[in-house]
Amino acid sequence: AANVTGIDLTIPSQPAWSEDDINKFREGRDSDITVGSIYAWLGHNNALQWFLKSGLETALILEDDVDWDIQLRSLQVPLAANAARSMLSPSRYLSRFKVDPTHYWGDTSAWDLLYLGHCGDYFTAVDHGVGRGHQYKENLTSIPHKLFKDPSLPARRDLHPYTAALFDVFELPEQTRAFHRSKFPLCTFGYAVTRAAAEHLVNDLAPIAKLKTSKSKGSHAYDVSILKACRNGFDTPSPTPENNPHPHPDPKLRHKYASPGLRCWTLNSEIFHHMPGGSMIAQVEAQKNHFVGIPPVDRVGAEQVVQRGETSNIGCGFWRGAFRFDDGDKKRLAYLQEEVGRKGRCLKEGRE
Ligand SMILES: *[C@@H]1O[C@H](CO)[C@@H](O)[C@H](O)[C@H]1NC(C)=O
Ligand SMILES: *[C@@H]1O[C@H](CO)[C@@H](O)[C@H](O)[C@H]1NC(C)=O
């Protein structure tokens, strides 16, 4: 998928975690955190550590089972980044700062985490319900947000039922995405972080080391820690003015972290979503006679995924191998890169 789309991925090697790593992680936490969940947590932490060592300014962390649209690079990213820049330049607060055109995703001091791949930001927990009577148009219009057209977004009837219900309530026109401050983002399929945010996560917000205060038992899953961090960061404006109304509580850490949590933004709907299929975490759990069911959001989308032959909320993706090529087949890859990746032709039966 990356070759056809024309993007470059780095795959940091993951250590073989030992029983000892698992036990250490468990110390001082809720004992019912599952092994699968710990593996995922250690893996994300390892990727963040890799990023911090790399010297890079920002990183997009992708889980290894995500799908995306063939127009990710040619259309979706330019449109989403444009929306991000329009919201995330310090000039929105401080006129003496000029918009820095070298910051493709907006000034990196203005945000902590961009949620580009998630199983939904439905503004409240999904068990509270999604759609009319549960969310209101003002829930979106009262928070910082930017709407933009994206012709690669599936038609409303083809969006995940929850996404469609949310967008109906928000009265979003067809093929319109919203870039907004995160309210209740779930799952960590794809998220971008700055260096400060990665450090904050590794050291405080989602650490793997023994928790400093035993009264906080931590979260059951890595994505829940991030959700909490985003919620704790919601009151810190992004970008953040010098006179920050909601700074980090520790004066010694204020120069480092703008917020007690993270200043998160959600791209709704997402441009990365995990593919249907088996899960290594579920396999690990099954060996321990703990059977992991399909997560609730996936269950609601399952029938539509089969009927569309596409991953949830993805218009023309790579699931089911439509754009596969053999390893040495340079000719076919060149053809796919040009016609599918660059021109955005969905060369699948009955699709063009
Ligand atoms: C696909 O991309 C990877 C990473 O850039 C590269 O190493 C590999 O050679 C590419 N495959 C082909 C067939 O071009
Ligand atoms: C959504 O808006 C309603 C009506 O204004 C309000 O009662 C509710 O608390 C809001 N929910 C969230 C999650 O902001």
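Order of listing sets the numbers, starting from 1, for every ligand and every atom in it.
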Within a distance under 4.0 Å of any heavy atom of [X], pick out the atoms of ligand 2 and give their elements.
X	result
Lys183	14 (O)
Glu138	4 (C), 5 (O)
Phe123	13 (C)

I'd like to check which ligand 1 atoms, numbered from 1 as shown, lie under 4.0 Å from a non-hydrogen atom of [X].
X	answer
Phe325	13 (C)
Asn3	1 (C), 2 (O), 3 (C), 8 (C), 10 (C), 11 (N), 12 (C), 14 (O)
Leu333	12 (C), 13 (C), 14 (O)

Legend entry - Single-linkage hydrophobic cluster Leu140~Tyr136, side-chain heavy atoms < 4.5 angstrom: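 Looking at the clustering, Tyr136 is in a separate group from Leu140.
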Inset, instruction - Please confirm whether the backbone N or O of Asp20 pairs with a side-chain atom of Asn23, one donor and one acceptor, at under 3.5 Å? - result: no
Inset, instruction - Record the part of Gln135 in heavy-atom contact with ligand 2 below 4.0 Å; permitted values are side chain, backbone, both and neither. - result: neither
Inset, instruction - Using the six-membered ring of Phe184, assess whether NZ or CZ of Arg231 lies under 6.0 Å from its centre and within 45 degrees of the ring axis. - result: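 Relative to the ring axis of Phe184, which defines the angle, Arg231 lies outside at least one limit.
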Inset, instruction - Could you label the plane-to-plane angle of the Trp41 and Tyr222 rings as parallel, tilted or perpendicular, counting under 30° as parallel and over 60° as perpendicular? - result: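 Ring orientation of Trp41 relative to Tyr222: perpendicular.
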Legend entry - Side chain, backbone, both or neither: Asp327 near ligand 1, heavy atoms under 4.0 Å: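 Contact part for Asp327 vs ligand 1: backbone (N, CA, C, O).
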Inset, instruction - Give the minimum heavy-atom separation between His118 and Gly120, together with the two atoms involved. - result: ND1-N, 3.0 Å
Inset, instruction - Return the minimal non-hydrogen interatomic distance between Phe189 and Cys119, and the atom names on each side. - result: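 Smallest heavy-atom distance, with atoms named: CE1-N, 3.6 Å.
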Legend entry - Residues, nucleotides or ligands: over 12 heavy atoms within 6.0 Å of Arg26 CZ: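 More than 12 within 6.0 Å, yes.
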Legend entry - Crowding at CG, Asn243 (>12 non-hydrogen neighbours, <6.0 Å): no
Inset, instruction - Take every heavy atom of Leu9, measure it against each atom of ligand 1, and state whether any distance is under 4.0 Å. - result: no
Inset, instruction - Would you check the N or O atoms of Thr124, main chain and side chain alike, for any that come under 3.5 Å of an N or O of ligand 2? - result: no
Legend entry - Test item: protein heavy atom less than 4.0 Å from atom 9 (O) of ligand 2: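 No, because not a single protein heavy atom sits under 4.0 Å from atom 9 (O) of ligand 2.
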Legend entry - Heavy atom of protein inside 4.0 Å of atom 14 (O) of ligand 1, strictly below: yes
Inset, instruction - Using a strict cut-off of less than 4.0 Å between a Lys/Arg side-chain nitrogen and an Asp/Glu carboxylate oxygen, indicate whether Asp326 and Arg332 qualify as a salt bridge. - result: no
Nearest protein heavy atom with distance in Å, relative to [atom]:
atom	answer
atom 12 (C) of ligand 2	Asn139 ND2, 3.3 Å
atom 4 (C) of ligand 1	Asp8 OD1, 4.1 Å
atom 3 (C) of ligand 2	Tyr136 CD1, 3.4 Å

Inset, instruction - Sort out for me which residue in Thr311, Asp64, Asp67, Asp298 forms a side-chain hydrogen bond (donor to acceptor under 3.5 Å, both in side chains) with His274. - result: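 Output: one option passes, namely Asp298.
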